[in-house]
Amino acid sequence: MKSSIAACLVALAVVSGAPARAQLLIGQTTGFSGPIAAGAKENSTGAKLWIDAVNAKGGVNGQKIELIQMDDKFEPKLAAANAKTLIEEKNVLALFLSRGTPHNEAIMPLLEAGNVVLVAPSTGAMVLHEPVNRHIFNVRATYQREAERGIDHLAAIGMTRLAAVVPNDSFGDDTEQGIARAFQRNKLKPVAQFRADRANPEYAKIIPALVAGDAQAVLWIGTADAVAGGIKALRAAGSAAQVVTLSNNAAGGFVKALGNQARGVIVSQVFPAERSIGSPFVREAQELAKAAGLEGVTPAMLEGFAAAKVLVEGLRRAGKNPTRASLHTALESIRNLDLGGGLDVSFSPTDHTGLNYVELSIIGDDGKFKR
């Protein structure tokens, strides 16, 4: 009888908490289906490259990371509902790599209520950076910085007839501020400026105005599907205007959506070139991708890869039995974390931006992003 009781106790211990089976639960809600599905999947694939590599070596402090993923179809209300489920029912330690500006805004109240951090939201919205939200740890530059870089570049090469198209949501509200500063700094005024429906831009209204204004270049901000559709419509109308878009479209799926209209489109980037073997950060991602049977990495995958590195470092610093509170403290203690090749991430109580890296790329004949 005693031996059977002992056996039961051993079995119970194995099921309920042996270190080898313990898991660090991390939650992610993002648009695995819908208009940004390709980029969201690439983000996730990049993150898993590092998470899987860490788990293969025993995890973090003896515990493996389990990423619980939910599809919000790129709908803000569903993103908030998923986040609530992950926080309250799944009891995750942190939320991770959620995509979309209004989507992350919808999640923000839940972070405070659950005292849970959000690591590396896949958006450059300023509202996630300033004022500092103690629960949000960004691992990328702001969209305003990207938009300004795009306008500054066009002005620097002598273009003066510039236009802008932004979505009619908080993403558009945010980027318009950077656009306005860049136009003012370069002493220019847009020949046309539109706020377009996020899901269904009115190309029949937008394109004729861009053509009539003889725009030399258009800063077109929106989802991959919306921007790709706009570029195709612009070309069909006979316009050869240079198009610039932001890093939310720095994904292979965007290039694929453009088809034969991809060549020459400028895309801002917030991480080093995906084929830069001189970068230890990129080289490490490439090696893990090759080992996983992938052809290579994309900018969107590198964003996920960097996000996972920061998450893992936070978990490591949080100790063997991390809590939501200890993870917050651990993340805020990160100073000059080298992701590889001098790509440093730092946080403090007054700065949760993490990285400020921004540069421009152009899509080449081979469908690759050139720097």
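Counting from 1, the numbers follow the sequence of the chain as shown.
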Could you tell me the separation between the [atom1] atom of [X] and the [atom2] atom of [Y], rounded to the nearest 0.5 Å?
X    : Y    : atom1 : atom2 : value
T30  : I36  : OG1   : CD1   : 4.5 Å
E176 : Q144 : CD    : CD    : 10.5 Å
T323 : H328 : OG1   : NE2   : 11.5 Å
T353 : H129 : OG1   : NE2   : 5.0 Å
H352 : F137 : NE2   : CZ    : 4.0 Å
N186 : H153 : CG    : NE2   : 12.0 Å

Honestly curious: do [X] and [Y] fall in one hydrophobic cluster under the side-chain, below-4.5 Å linking rule?
X    : Y    : value
F96  : L327 : yes
I51  : L93  : yes
I136 : I26  : no
L315 : L337 : yes
I334 : L97  : yes

Query raised in the report: Does a donor on one side chain sit under 3.5 Å from an acceptor on the other, for R140 and S247?
Result: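 Looking only at side-chain atoms, S247 and R140 do form a donor-acceptor pair, the distance falling under 3.5 Å.
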
| query | Distance only, no hydrogens: is a donor on one side chain within 3.5 Å (strictly under) of an acceptor on the other, for T29 and S98? | reply |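 Note: T29 and S98 side chains miss the donor-acceptor criterion.
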
Do side-chain atoms of [X] reach the backbone of [Y] as a donor and acceptor pair under 3.5 angstrom?
X    : Y    : answer
Q63  : K320 : yes
R335 : F347 : yes
Q261 : A233 : no
D197 : N168 : no
R145 : V358 : no
Q286 : E274 : yes
R235 : A241 : yes
D174 : M126 : yes

Search all heavy atoms of [X] against all heavy atoms of [Y] and return the closest pair with its distance.
X    : Y    : result
P167 : R195 : O-NH2, 3.7 Å
D72  : G31  : OD1-N, 3.2 Å
A38  : G253 : CB-CA, 3.6 Å
A37  : S33  : CB-CA, 3.8 Å
L302 : V297 : CD2-CG2, 4.1 Å
G319 : N61  : O-ND2, 3.2 Å

* May I ask you to decide if the ring planes of F281 and F305 are parallel, tilted or perpendicular, using 30° and 60° as cut-offs? =>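 Tilted, since the angle between the ring planes falls between 30° and 60°.
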
query: Does atom CZ of R263 have more than 12 heavy-atom neighbours from other groups under 6.0 Å away?
result: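 No, because the 6.0 Å sphere around CZ of R263 holds 12 heavy atoms or fewer from other groups.
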
Look at atom CG of N321 and say whether more than 12 heavy atoms of other residues, nucleotides or ligands are closer to it than 6.0 Å.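 No, not enclosed.
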
Please say which of [options] ends up in a side chain to side chain contact (heavy atoms under 4.5 Å, CB included) with [X].
X    : options          : answer
S44  : Q69, M301, R99   : Q69
D344 : L355, D338, L339 : D338
W50  : I65, L288, N55   : L288

State plainly whether the residues [X] and [Y] are in salt-bridge range, i.e. N to O under 4.0 Å.
X    : Y    : result
D71  : K41  : no
R316 : E313 : yes
E332 : R317 : no
K90  : E66  : no

task: Go through the steps to decide whether I68 and L86 satisfy the test side-chain contact (heavy atoms from CB on, under 4.5 Å), and finish with yes or no.
output: CA-CA 8 Å; I68 303 174; L86 291 166; 3.7 Å; yes

V244: hydrophobic cluster co-members (side-chain, 4.5 Å):
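In the cluster with V244 are Y143, I151, L154, I157, M159, L162, V166, F171, I179, F183, L188, L219, I221, L246, I266, L360, I362.
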
| task | Among Ile, Leu, Val, Met, Phe, Trp and Tyr joined by side-chain contacts under 4.5 Å, find the other residues sharing a cluster with F194 and list them by chain and number. | result |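 For the cluster that includes F194, the remaining residues are V165, Y203, I206, I207, L210, V211, V218, W220, V227, I231, L234, V243, F254, V255, L258, V265, V267, I363, F369.
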
Of H103, E303, Q28, the one forming a side chain to side chain donor-acceptor pair (under 3.5 Å) with S122 is E303

